[in-house]
Amino acid sequence: MEAKASQNAGRVMDGPTNPMVTPLLTDLYQFTMAYAYWKAGKHNERAVFDLYFRKNPFGGEFTVFAGLEECIKLIANFKLTEEEVSFIRKSLPGSCEEGFLNYLREIDCSDVEVYAISEGTVVFPKVPLLRLEGPVAVVQLLETPVLNFVNFASLVTTNAARHRLVSGRPKMLFEFGLRRAQGPDGAIGASKYCYIGGFDATSNVAAGRLFGIPLRGTHSHAFVSSFMSPDEILERSLCSSDGSNTCEDFVTLVHSWLSKIQWLKSLGGIFGETNQSELAAFISYALAFPNNFLALVDTYDVIRSGVPNFCAVALALSDLGYRAVGIRLDSGDLAYLSSEARKIFHTIEKELGVPGFGKMIITASNDLNEETLDALRKQGHEVDCFGIGTYLVTCYAQAALGCVFKLVEINNQPRIKLSEDVSKVSIPCKKRCYRLYGKEGYSLVDIMTGENEPCPKVGERILCRHPFSESKRAYVVPKRVEELLKCYWPGKSGKVREELPALQDIRDHCIKQLEQMRPDHVRRLNPTPYKVSVSAKLYDFIHFLWLNEAPVGELQ
């Protein structure tokens, strides 16, 4: 299956972003179970599965749901080719009957229904992120790929959201993780989901093209060290920004400005002889990008060479009507260096009368992570933008989210999965899920009810119970009620399909969601657990079914 388009209810649905996503992107046991279902005549029995997770990642108390769009694209285009069916024939035991292969040739997801929480929503353990309903064999074939899509996407988006929260809203965040990501698909996905989680741009050009994410990037240390001296610069002229005149020797203009700032008394003579090869690199880059000049200043020495060389080039550009962007720091004490650089910029603005020079953008990179951002914030710094890579896109602090896919109903009969570990006991039956909000506008609790129970009403008291702890319960009088699960693939139900939003709308929704959370739920240190509950009726049913299904021991 290539990245093609499918049509449902008159609307065209593009195929998965990654052409490697086919019906074969699943575990072998999904096909062996499908054969066993078919052999037993159970393959068309109507089943309901919940996809959810059991514990929030990164030691926090919230998760951001992502990956829904790719799930729907797979489901919309799910169809095995003849080559894929032939491969399944070779992969299954020889006893597999031809009738089953004919069945595989015919199946699609036209009779599957998908209900999901909106992508970019803040979510919590046990609450279904997706509910899939349909023929049991078909839905089982979807289990592995949808888990794959949601696990990674939600983990990366949550990681990005945590970085956004700790850095603060005014700061710009750039995702620079392409070279350290787990392969091309990991890199493309990380760029997309970091953007949803609140990052402002990416260095990944392919992701920029695919998803319309803003791109950022300047030059590396290699560019700086590739120059030996300003004598290498052959084309020295630069036209002014308005085109009214041309500076025939931009290099000389830069040197004149460097000489002036080296003798500024207010800077205390901290600028001596700067590195001339670095200066040559900066001049060359400015000649190439006079409107977008941002220099990497730590190749040799930030304060004694990088910053003064940048300032000299920026002042020369200013003479011609251009405004330099700023500097990037990629090593050293970022709090100290950014603060010292800012002082120098302010001094030059004041002493040389260059408006706005003190507001030059300072970008920092250098293996940043959530802890580093938190430490910088506490120390005080002058960084405007952070470029974050390895720890962000690889989710270094936690390898996986741990979503699971559990059968909760078949042929209208609720099913439960039991375990000695209570956290692994599933919540049975087809459910509706609601978020209840308090008078201050923050969400108070999520509650799951049976499908046919009445919806919680604004102003009416409702008992919210912990699914497994008898003593944990509370009454809530909601000021607003939000139903969480919406129909994103109606199958043959005739229900109206929720449209998949644009990436920017998902990002805006995510940011708004985080703002609606009580600060103590999303804080980095010792966050307050968010309450997830069930209705009193569902609580009673869970425990009735639990007792019914659990075998009774006998003491000898």
Side-chain angles (χ1 to χ4, degrees), residues 58 156 159-168 170-182 186-187 190-191 194-195 197-204 214-226 274-275 277-278 281-282 285 292-311 324-345 360-397 524:
F58 309 115
V156 175
N159 201 20
R162 290 178 63 86
H163 281 76
R164 164 51 69 200
L165 288 169
V166 77
S167 67
K171 304 299 180 186
M172 297 285 284
L173 295 180
F174 305 147
E175 177 268 310
F176 285 173
L178 173 57
R179 62 188 56 197
R180 303 282 174 80
Q182 285 98 337
S191 297
C194 286
Y195 187 64
F199 272 60
D200 300 286
T202 179
S203 66
N204 187 336
L215 295 173
R216 292 292 185 276
T218 52
H219 62 80
S220 69
H221 295 108
F223 180 82
V224 176
S225 59
S226 71
T274 63
N275 186 290
S277 63
E278 179 183 62
F282 289 0
Y285 200 79
N292 302 94
F293 176 57
L294 190 149
L296 178 60
V297 296
D298 68 337
T299 303
Y300 301 110
D301 187 294
V302 173
I303 301 301
R304 292 186 175 87
S305 182
V307 170
N309 279 339
F310 163 78
C311 291
V325 176
I327 64 172
R328 177 163 73 94
L329 302 168
D330 193 48
S331 61
D333 185 334
L334 299 178
Y336 169 76
L337 292 172
S338 65
S339 298
E340 289 302 304
R342 182 70 69 202
K343 289 176 187 176
I344 293 168
F345 296 157
M360 286 290 176
I361 291 173
I362 299 175
T363 301
S365 43
N366 185 32
D367 275 341
L368 301 177
N369 57 29
E370 193 181 332
E371 289 74 19
T372 311
L373 296 182
D374 192 39
L376 284 169
R377 182 176 56 82
K378 290 172 180 175
Q379 291 173 53
H381 64 87
E382 289 293 333
V383 176
D384 302 294
C385 310
F386 293 101
I388 308 173
T390 306
Y391 291 92
L392 174 68
V393 302
T394 64
C395 294
Y396 188 88
R524 186 167 177 272

Yes or no on side-chain contact (heavy atoms from CB on, under 4.5 Å) for C395 and V156, after CA distance, side-chain angles and deciding distance? CA-CA 6 Å; C395 294; V156 175; 3.7 Å; yes

Apply side-chain contact (heavy atoms from CB on, under 4.5 Å) to S203 and L215, showing your working. CA-CA 6 Å; S203 66; L215 295 173; over 6 Å; no

Under the criterion salt bridge (Lys or Arg N to Asp or Glu O under 4.0 Å), which of K378, R162, R524 is the partner of E371?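 Output: one option passes, namely R524.
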
Is any side-chain heavy atom of [X] less than 4.5 Å from a side-chain heavy atom of [Y]?
X: L368; Y: L334; answer: yes
X: N309; Y: S305; answer: yes
X: I327; Y: T363; answer: no
X: L373; Y: I388; answer: yes

Pair E175, S191 - check side-chain hydrogen bond (donor to acceptor under 3.5 Å, both in side chains), show working. CA-CA 7 Å; E175 177 268 310; S191 297; 2.7 Å; yes

Cationic N near anionic O, under 4.0 Å, R164 to E370: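 No salt bridge links R164 with E370.
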
Any salt bridge linking D200 with K171? Criterion: basic side-chain nitrogen under 4.0 Å from a carboxylate oxygen.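 Result for this pair is no, no salt bridge flagged.
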
In Å, rounded to the nearest 0.5 Å, how long is the span from [atom1] of [X] to [atom2] of [Y]?
X: F176; Y: N366; atom1: CZ; atom2: CG; result: 12.5 Å
X: N292; Y: R216; atom1: CG; atom2: CZ; result: 9.0 Å
X: L376; Y: S338; atom1: CG; atom2: OG; result: 7.5 Å

Positive for side-chain contact (heavy atoms from CB on, under 4.5 Å) with V307, one of L329, T274, V302, D298: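 Looking at L329, T274, V302, D298, the match for V307 under the side-chain contact (heavy atoms from CB on, under 4.5 Å) is V302.
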
Picking from P214, C194, C385, what satisfies side-chain contact (heavy atoms from CB on, under 4.5 Å) with F174?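 Going through the options one by one, the only one that passes is C385.
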
Would you check, one step at a time, whether the test side-chain contact (heavy atoms from CB on, under 4.5 Å) holds for F310 with M360? CA-CA 11 Å; F310 163 78; M360 286 290 176; 3.8 Å; yes

Evaluate F199 against L392 for side-chain contact (heavy atoms from CB on, under 4.5 Å), listing each step before the verdict. CA-CA 11 Å; F199 272 60; L392 174 68; 3.4 Å; yes

Let me see the working for N204 and T202 under side-chain hydrogen bond (donor to acceptor under 3.5 Å, both in side chains), right down to the final yes or no. CA-CA 5 Å; N204 187 336; T202 179; 5.1 Å; no

Okay, side chain of R342, backbone of L337: is any donor-acceptor separation there less than 3.5 Å?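 Absent.
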
Has H219 got a side-chain atom pairing as donor or acceptor with Y285's backbone, closer than 3.5 angstrom?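 The answer is no, because no donor-acceptor pair under 3.5 Å joins these two groups.
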
Using the six-membered ring wherever Trp is involved, compare the ring planes of H381 and F386 and label them parallel, tilted or perpendicular (cut-offs 30° and 60°).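 Perpendicular: the ring planes of H381 and F386 meet at over 60°.
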
Mind telling me whether Y391 and Y396 have parallel, tilted or perpendicular rings, with 30° and 60° as the class edges?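 Taking Y391 first and then Y396, their aromatic rings stand perpendicular (interplane angle over 60°).
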
